[in-house]
Structures are given as C-alpha cells and as structure tokens.
Amino acid sequence: MARSAAKAEAKPLVEVRLENVNRPVVKQSTKLLPKPRRYLRLQGCRRCFTSFASTQVSPSSIASDQIKFWSENVHNQMPESIFKKLSPLTKWDRDYYTKMISENDFSENPDFCSLAKLSCSSEIHNFEAASKAYSSSIYSINVALTSQSNKVDKFSYFRLSNLREGNKFHLSNLVESFPNRAFLPVEISSKISLSKKNFGKIFPKSFELSKDSIETTLSYCAEEAIHGEIKACPKSLEEMIDFSKSALGKNKLLALASQSTRTGDFLMKKIKKFDRQKIVACHEAYLPFAAYFCHAVSSSQVYTVDLVEAKTRLPVKPVIAICHMDTSAWPANYVAFKILKFSPGEGEACHWMSNIDLAWIADE
C-alpha cells in the first residue's frame, strides 16, 4: 500500500516545449527531476574552487567540462576571475551552434549572445572604460600594445630591490574594466579564426561597435613574438591551459592571480618567490567572448606578496608580482623605461598583476 501511494504521488513532469527563434523545438524528458546535488563536490574537484564557488553546476553544462579540464591539469584553486567566465551553455547548445558555425550558417544574434553570456552590441554598457583599460594596458611588452599615453602611472613598474619585507609602497588600482563575458566551448571557439574578415562575418554588430578594441586584439595576435618570447592568443579556457603546458613543458600547472584590488599605501609583510625557470603570463584581451593574450618569457621571476595596510597594519589579500630580468628585447619607447629611467637591457622591470591577469607556472 505504501509503495502504491508513493507511486501515485510521484507524478511525472508535464511535457515542456522550449522554443527559441534560432533553435529547433526540443522536448524535455518526462522523467522525474533528481534532487538538487552539489555536482562540484561529486566530481572530486574541491580544490579547483575558492570559497565563493559553492554554486551548483549540472553535469550537462559546458561549465562542468571546463571544471573537469581544470582539475585534470591545474593543481590549485580556480581564481574568481576565471570561475565567473565559465560557460552557461549546455552540451546541446554547444553541438547545435558548433554545427551552425561549421556550415557557415551562423551570425551573432541577441538570443545567442544572451544564452552564451557574450558581450554583444546590445549588452555593452561600459565599452569606453573597457576600451581604455585594454588599449592602455601597461603589462604587455609587445609593440602592438605599447602605451603612448602621456598619463603614466609612476607606480606601475618598480625594481626588484623594492620587493623586500617591511618596505612601504603605493599600490595602484589593479582593477581592469572589461564587460563580463564567458568562455565559449572549445569546440566553437576553435572554429573562429582571429581575422577581421571572420569577426566581421560571425560578429558583425559587435565588430562594428567594438572595432577599435577588437582590431587591437587581432593586431597583437598577428604580431611576431619578440626575441625569447613564446606567445599565443587563446580563445578558450582549454586552449589557454594547453598553451601554458606546452610553453612550460609541463603537464601539471599552478595558476597564480592577485586577490586584492585595493589601492593605497601598504607594507610588504611576507614575500614568497616561486623558483621557476619560466613563467606564462596571460592578460585578458577584448573580444565578444572571453579570451586572453599569453606570453612565455624566460628570465622572469614571480612572487606572491602578502600585504598589510600602512596605517592600521590590518592584513590585505595577497597580490602577484612579476619581475622581467632581461629587458633587452623590449621596445625602447615602452612605458616601463620612462618610469624606471633606464634603456632596454640596463635593468629588470617588475610589475603587479591586475585582477584579471594570470601567471602560470609548473607544479614542481
């Protein structure tokens, strides 16, 4: 009797038809939905997340694949800046749009942009701020992004001798303003070539509105690497991780990111040097979807610096510093030389990583 009553109460869900302007009608399963579960924990990926990332992720989502890929290749927590970029698409979405792009039968539309969490024409609100942050990015050492601005932040670069415990210093704003965008599934992003013609075809409205910033990204990606540099423009999370593994010659990685974005006067409390021969630095690039420009440079050193407020001595979340020990191949008009007052090759140049930058090192 009890079993019969239980069966009578467990009514199947009513059939639902999902309709979308650019997607065929899909029938949902009539099976009972399972109880909500914490899929992140079930996948054995607890170390991949910071405390904010207790969000439930369905196994049918692309985000679950991206999380799994991270856990298989990276041996520390996923930074918030990356977690926020995980794709909201389902695997059905991925297969559908991959097929459309493969058949040259796709052009951006509001439905897809909203579904994939892209920065398309109707969703860009702080484009001027984002464009300014990108075009004046001081962290790239490539000619294509060399800042010619007269407004030079004198605290952006410093010498290695300044990086010592107890030293007081001014930390500039490490927040960079880009529209919030998600990574595309690698199956889709791999079919999007980094060319003006291709972006004009697939993302016509975004390209028209964001032409300067997108062309700056494409220009950087087309530039030849400077001497001693290995560079790439990953269009997906998986591609960024694979590039870092290849450039470092290692299969297991650590991802380092600044946790604090506060500005003001601070004291260096504790400094940890990661003794590695090579690092990969990745900086967010502006495209309608989340993308990065990465470069691997030898003769560079990376540090985690714990901070305290200069006045109150209250602890502040750590930041990441990178010191480039060989500047001989840098452009002579690069902004670092204006700040540090020496010429290429005459000294090292250190800088802080912004809130959206990543430093990749081998897990040794």
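Below, each value reflects all heavy atoms present in this structure, side chains not excepted, and no hydrogens, waters or symmetry copies.
- In terms of modelled atom types and a separation under 3.5 Å, the side chain of Thr216 and the main chain of Asp212 share a donor-acceptor contact.
- Between Glu239 and Ser189, the side chains place no donor N or O within less than 3.5 Å of an acceptor N or O (distance only, hydrogens not considered).
- A distance of 5.0 Å separates NZ in Lys245 from CG in Asn251, rounded to the nearest 0.5 Å.
- Using a 4.5 Å heavy-atom cutoff, the side chains of Tyr286 and Ser119 are in contact.
- Using a 4.5 Å heavy-atom threshold, the side chains of Val297 and Ile279 count as separate.
- Nearest approach of Pro88 to Ala116, heavy atoms of both residues: CD-O, 3.7 Å.
- A salt bridge links Glu284 to Arg181: at least one charged side-chain nitrogen sits closer than 4.0 Å to a carboxylate oxygen.
- For the pair Val280 and Ala247, the tightest heavy-atom approach, listed with the atom from each and the gap, is CG2-CB, 3.9 Å.
- Between the side chain of Thr312 and the main chain of Glu309, no donor-acceptor pair closer than 3.5 Å is present.
- Residues Thr98 and Asp95 bring no donor and acceptor atom of their side chains to less than 3.5 Å of each other.
- Taking the six-membered ring wherever Trp is involved, the centroid distance between the rings of Phe199 and Phe203 falls below 6.0 Å.
- Arg94 places no side-chain N or O within donor-acceptor distance of the main-chain N or O of Leu89, the cut-off being under 3.5 Å.
- No side-chain donor-acceptor contact under 3.5 Å links Ser213 to the backbone of Ser210.
- Cys pair Cys350/Cys323: SG-SG separation is below 2.5 Å.
- Here the shortest heavy-atom pairing between Ile320 and Ser258 reads N-OG, 2.9 Å.
- Of the possible donor and acceptor atoms, none in the side chain of Lys85 sits under 3.5 Å from a partner among the backbone N and O of Leu184.
- Between Met78 and Gln66, the closest side-chain pair of non-hydrogen atoms is not below 4.5 Å.
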- Worked check of side chain to side chain contact (heavy atoms under 4.5 Å, CB included) between Leu267 and Lys269: CA-CA 6 Å; Leu267 296 176; Lys269 187 67 175 178; over 6 Å; no
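- Judged by distance alone, the side chain of Gln301 and the main-chain N or O of Met325 form no donor-acceptor pair under 3.5 Å.
- Between Arg262 and Ser260 the shortest heavy-atom distance is N-OG, 3.3 Å.
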- I would like to know whether Asp93 and Ile62 meet side chain to side chain contact (heavy atoms under 4.5 Å, CB included); could you show each step before the answer? CA-CA 9 Å; Asp93 297 324; Ile62 297 303; over 6 Å; no
- Item | Intermediate values then yes/no, ring-ring contact (aromatic ring centres under 6.0 Å, His included), Phe342 and Phe337 | CA-CA 5 Å; Phe342 62 76; Phe337 300 127; 5.7 Å; yes
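- In the hydrophobic clustering of ILVMFWY residues, with side-chain heavy atoms under 4.5 Å counting as a link, Leu253 and Leu86 come out together.
- Using modelled atom types, one side-chain atom of Thr327 and one backbone atom of Gly345 make a donor-acceptor pair closer than 3.5 Å.
- We find the CG-CH2 distance between Leu248 and Trp360 to be 10.0 Å, quoted to the nearest 0.5 Å.
- Linking ILVMFWY residues whenever their side-chain heavy atoms come closer than 4.5 Å, directly or via other members, places Ile271 and Phe169 in the same cluster.
- Scored by the ring pair (Phe, Tyr, Trp, His ring centres under 6.0 Å) test, Phe155 finds His170 as partners (sequence neighbours excluded).
- With hydrophobic clusters built from ILVMFWY side chains whose heavy atoms lie under 4.5 angstrom apart, Val308 does not share a cluster with Phe266.
- Residue Glu208 qualifies as open at atom CD: its count of foreign heavy atoms under 6.0 Å is 12 or below.
- Cluster annotation: Leu160 is connected to Met268 through the hydrophobic network of ILVMFWY side chains, with a link wherever side-chain heavy atoms come within less than 4.5 Å.
- Lys201 has its side chain out of reach of Lys197: every pair of non-hydrogen atoms, C-beta onward, lies at least 4.5 Å apart.
- Inter-residue side-chain proximity for Cys294 and Pro234 is flagged as met; some heavy-atom pair is nearer than 4.5 Å.
- The side-chain heavy atoms of Glu215 and Lys196, taken from C-beta on, include a pair separated by under 4.5 Å.
- Within 6.0 Å of the NZ atom in Lys270, the count of heavy atoms belonging to other residues, nucleotides or ligands does not exceed 12.
- When ring centroids are compared, Phe289 and Phe183 stay outside the 6.0 Å threshold.
- Distance alone, capped at 3.5 Å, places no donor-acceptor pair between the Asn198 side chain and the Ser195 backbone.
- Cation-pi geometry between Lys191 and Tyr97 is not satisfied (NZ or CZ under 6.0 Å from the ring centre, within 45° of the ring normal).
- A donor-acceptor distance shorter than 3.5 angstrom exists from the side chain of Asn162 to the backbone of Arg159, with no hydrogens or angles considered.
- In this structure, Lys250 places its NZ atom where only 12 or fewer heavy-atom neighbours from other residues, nucleotides or ligands lie under 6.0 Å away.
- The aromatic rings of Phe293 and His283 are tilted relative to each other, their planes meeting at an angle between 30° and 60°.
- The line from CD of Gln77 to CD1 of Ile82 is 13.5 Å long, rounded to the nearest 0.5 Å.
- Once rounded to the nearest 0.5 Å, the distance linking OG of Ser102 with CD of Glu187 reads 10.5 Å.
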- Message: Phe69 vs Asp242, test: side chain to side chain contact (heavy atoms under 4.5 Å, CB included). Steps then yes/no.
- Response: CA-CA 10 Å; Phe69 192 85; Asp242 282 341; 3.5 Å; yes
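- From Ile202, atom CD1 reaches atom OG of Ser193 across 7.0 Å, with rounding to the nearest 0.5 Å.
- Between Leu194 and Lys235 the shortest side-chain heavy-atom distance falls below 4.5 Å.
- In this structure, NE2 in His351 is found 13.5 Å from OG in Ser172, a value given to the nearest 0.5 Å.
- Leu358 and Met240 get closest at one heavy-atom pair: CD1-CE, 3.8 Å.
- Under the 4.5 Å side-chain heavy-atom criterion for grouping Ile, Leu, Val, Met, Phe, Trp and Tyr, Ile192 is connected to Met100 within one hydrophobic cluster.
- Nearest approach of Glu72 to Lys68, heavy atoms of both residues: OE2-NZ, 2.6 Å.
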- Task: Apply side chain to side chain contact (heavy atoms under 4.5 Å, CB included) to the pair Met353 and Val319, showing each step before the final yes or no.
- Result: CA-CA 7 Å; Met353 300 288 280; Val319 293; over 6 Å; no
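- In this structure the side chain of Tyr292 never reaches within 4.5 angstrom of the side chain of Phe243, judged on heavy atoms.
- Under a 3.5 Å cut-off, the side chain of Asp326 and the backbone N or O of Ser299 do not form any donor-acceptor pair.
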